[in-house]
Amino acid sequence: MLFWLLILISIICAAGVGSFLYISSLKRKFEQQLESEQKKFAEAERQISQLKEKLRKEEEASQTLRESREKLRRALYHDMLTGLPRKELFQESLKLMLEERRSSRFNNTFSVVLVEFEEFRRIDEVLGSVNGDRLIKEATDRIKNVIKPDDFLARLEGARFGLILTNSDESETRRVIELLKRKLSYPFKIKEQEISLNSFFGASIVNENYSRIDDILRDAKIALQEARETGKNYAIFNQSMHDRLVKLHELEVELQNALKRGEFQPYFQPIVSLNSLTLSGFEVLMRWKHPKKGIIPPGEFIELCEKNGLIEPMTYSILRQACRKLFYWQEMLPDLTISVNLSGTHFSQEDLYSVIESIINESNIMPSSLKLELTEGKIMEDAERAVEILDKFKKLGTQIMIDDFGTGYSNLSYLHRFPVDALKIDRSFVTGMERDSEKAAIVRTIITLAKALGLAVVAEGVENVHQLYQLRELGCQMGQGFLFSKPLPPEMAEKMLLERFNWQHLLPTPRTQPARQIESNPSIQLAQSVSQTRPSQSPSQISEKVNPTPVAQDTEPLAMAKEDEQIEAEILDIPLIDANASSELIDISIVEVEDTKLH
C-alpha cells in the first residue's frame, strides 16, 4: 500500500514537475515572443519616426521649392529693384482689362501711358549704378503718389515705365500726365547733388477700336516717339501719327531701293573768290532724282537717312561721283576744289578714313582738292575720336572746314586742338548783316579771328550785292549763295567751267559821262517815254510813238550779247525780261532763298 502510495506520489510529483517545466517553457516562449514583438514594435516605431522625419524633410523641401518658385515667378514678373510688375505681367493685366471691357456692358474707357526718362543711361554712368538705382526708386515713388490705387504701374525696361489708368478718358489722361510731368520735373537729390530728369509721355486711349494689346502698345509707343521728336514732353495718339509713320516706312523702303538704283546725284554750288569774283570750287550737295517725283531736295529725306544708317553709303556714292567729275574738270581749272559735308554718324564708322582714301585714289585727284566740312556740334560729340580721324586726313592732305561756324561751341580750344583749315560763317549771320549790327559784328569778329589763326573764311548764304560788298570790305576770302548761283546739276556746272564764267559784273561800274549828258541819252528818253505812256496803249503804239521810223542797226553784236545774256541767266537761274515789255510787267525784287545742305 505504501508502495503504491509512493508510486502515486512519484507520479504526482513527476506530473507537477512536468507541468512546471511545461509552464516554464511556455513562459519562456511567451517571453521570447513578447520580446520579439517588442523589438518589432520598437523597429516599427523607429521606422515610423524615420518616415515622419523623411516626410518632414520632404515637406520642408516642398515648401522651399514653393518659395523658390514664388521667388522665380516674382523675379520673372516683378522688378527686383522697385518691386513693380515687369513687362510680362503688365501685358497680362492689359489683356485681362481689354477682355473685361469687351465683356462688360458699360465699356468703360481706360488708357495706357508710357513714361520714359531721357538720358538716364548717361546719368547712371556718371553717378554709378547704385545712385542710378536710387534715382529710379525715387522716381517710382513719385509716380505712385500721383496715380489711383486701382491704376496699374509697371517697370517695362530700364528707365521706361508703363501705366494703365482705369476709367480714364482723354481729358483725365491729360490731367494725370500733366501732374506726373510736374512732379517729375522737381530735382532729385542724389549723393548731395540735385539731378533733373527730362521725362516723356506717350498715351493711347483704349476704346472700341482696339481688339489687341499689341495695337494699344504700338500706338502708345508711336505717341512717345512723337513726344520726343516734337519736344512737347507728351503726346496722345491719333491716327495721323500712325499715317505719318507708315509714310516714313514707305520712304525708307524707297530710299533703300533708290540707293541700289543709283538715283542719288551730286549737285554743285559754286564757291566764289570774293576778291577776283571767279570760281574757286564747289560745295557738293545731294539730290534725289526720283523717277516719278523728279528732283527731291535733301531736306525731305536726310534726317531719316541719318537715323536708319543709309547716310554713310549715300555720302560715299555722292563723293565718288563728285571726285570723278573733279578729275576731268581740273583740266579746265587746275586749282578747282570740292567740299563735302560729313555728319556725326560718319565718325562712328570704323572705315571712314579708309573709304574716303580709296575714293581719292580711285579718282586720281590730289587729296588737297577735297575739303571735308564738319559742324561744330558733331565733332565735339566724340572729340578724341574726331581728333584721331582728322589727324589722319590732315596727313593725307585733305582740307578740314568747320561748317556753320558761330552756331555751336565756337571756342578757341578746339580750333587750336583740331587740324582746321577754314571756317564757314553760318548763313544766319550773313543774311542778317544789313539790318542787324550785332550779326555784322559777329561776322567781322569771325573774319578777324580766322585771319589771326591763319584760317580761310567762306561766307554762306550770300544773297545780294550789299552783303557781297560788306564781305569784301571785311576781307572775307570766299562766299557762296544764291547771288552767285543755285546748286547746279553736273552738266550745268561743267558749262560754267567751259564758259569760264565769272561774277565781275556784280561790281559797281563807275559813271564816265557827265550828268547833263544823261538827258540826251536815247535809251533814257525811250524809258521815260514808255513810263509816261497811258496803260491803254499797246506796246506797238508806244514803239511807233518813240521811234516812228526804223533805224538800221548792226544785229550781229546784239545777237551775240543776247546769247551771252541767255547763258548767264541759265546758269544763275535768272528770268530774262524783254526790253520791249511794258513797264507794268517788270517787277524786280530780291528774294532770299535758303538751300538745304547734304546734312
Side-chain angles (χ1 to χ4, degrees), residues 27-104 108 110-117 120-121 124 128-168 190 206 211-214 216-217 220:
K27 183 181 179 181
R28 276 198 308 273
K29 287 181 180 180
F30 178 75
E31 290 176 350
Q32 289 175 353
Q33 289 178 354
L34 181 61
E35 184 179 358
S36 176
E37 290 299 328
Q38 288 177 342
K39 288 181 179 180
K40 289 179 180 180
F41 183 74
E43 180 64 23
E45 284 188 336
R46 187 181 65 81
Q47 290 180 355
I48 290 171
S49 178
Q50 290 178 347
L51 184 59
K52 287 181 178 180
E53 181 66 20
K54 185 177 181 181
L55 288 173
R56 187 185 64 79
K57 289 181 178 180
E58 288 182 354
E59 182 64 27
E60 289 180 354
S62 178
Q63 179 64 24
T64 303
L65 182 60
R66 284 196 297 270
E67 291 177 357
S68 298
R69 286 177 178 174
E70 179 62 24
K71 288 180 180 179
L72 181 60
R73 189 193 69 82
R74 188 167 183 81
L76 288 173
Y77 292 102
H78 288 79
D79 178 55
M80 300 301 292
L81 174 64
T82 61
L84 295 176
R86 296 181 65 180
K87 181 179 180 180
E88 294 77 12
L89 193 55
F90 180 79
Q91 292 178 341
E92 285 294 325
S93 300
L94 180 57
K95 184 178 180 181
L96 289 173
M97 290 194 67
L98 187 60
E99 291 176 353
E100 182 181 346
R101 184 187 183 281
R102 286 203 300 264
S103 61
S104 173
N108 292 327
F110 65 93
S111 61
V112 172
V113 181
L114 299 181
V115 185
E116 188 171 74
F117 298 109
F120 172 76
R121 181 176 297 178
D124 187 64
S129 59
V130 174
N131 293 306
D133 290 346
R134 286 182 57 193
L135 190 61
I136 286 291
K137 290 176 73 174
E138 288 194 24
T140 302
D141 292 339
R142 292 190 187 184
I143 296 175
K144 286 180 178 179
N145 292 333
V146 171
I147 61 177
K148 302 188 297 289
D150 55 345
D151 292 336
F152 191 90
L153 174 63
R155 185 185 182 192
L156 304 181
E157 56 181 355
R160 179 178 291 187
F161 294 81
L163 277 167
I164 302 176
L165 302 180
T166 57
N167 299 319
S168 179
I190 305 294
V206 182
S211 59
R212 301 190 313 153
I213 64 170
D214 290 343
I216 300 172
L217 294 173

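Source: prediction; values computed, not measured.
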Kindly compute the distance separating [atom1] ([X]) from [atom2] ([Y]), expressed to the nearest 0.5 Å.
X: F110; Y: M97; atom1: CZ; atom2: CE; value: 5.0 Å
X: H78; Y: R155; atom1: NE2; atom2: CZ; value: 14.0 Å
X: E58; Y: E53; atom1: CD; atom2: CD; value: 11.0 Å
X: I164; Y: L96; atom1: CD1; atom2: CG; value: 9.5 Å
X: I48; Y: E43; atom1: CD1; atom2: CD; value: 10.5 Å
X: I147; Y: S168; atom1: CD1; atom2: OG; value: 11.5 Å

Sequence neighbours excluded, the answer for side-chain contact (heavy atoms from CB on, under 4.5 Å) partners of Q33 is none

When you compare the side chain of F90 with that of I213, does any pair of heavy atoms fall below 4.5 Å? no

Evaluate the side-chain proximity of L135 to F117: yes if any heavy-atom separation is below 4.5 Å, no if none is. no

Taking side-chain hydrogen bond (donor to acceptor under 3.5 Å, both in side chains) as the cut-off, I'd like each qualifying pair that reaches into residues 132-154, sequence neighbours left out, listed once. K148-D151, D150-T166, D151-T166

By salt bridge (charged side-chain N to carboxylate O under 4.0 Å, His left out), K57 pairs with (sequence neighbours left out) none

State which residues pass salt bridge (charged side-chain N to carboxylate O under 4.0 Å, His left out) with E35; sequence neighbours excluded, sorted by chain then number. K39

Donor-acceptor pair, side chain of S93 and main chain of L89, under 3.5 angstrom: yes

In this structure, which one of I136, D79, V113, L156 forms a side-chain contact (heavy atoms from CB on, under 4.5 Å) with F161? I136

Residues passing the side-chain hydrogen bond (donor to acceptor under 3.5 Å, both in side chains) test with E60, sequence neighbours excluded, are R56

Looking at residues at least two apart in the chain, or sitting in another chain, which of them share a side-chain hydrogen bond (donor to acceptor under 3.5 Å, both in side chains) with S211? none

Could you tell me which non-hydrogen atom of [X] sits nearest to which non-hydrogen atom of [Y], and how far apart they are?
X: F120; Y: G132; result: CZ-O, 3.5 Å
X: L153; Y: P85; result: O-CD, 3.2 Å
X: A154; Y: F152; result: CB-CE2, 4.0 Å

Crowding at CD, E99 (>12 non-hydrogen neighbours, <6.0 Å): yes

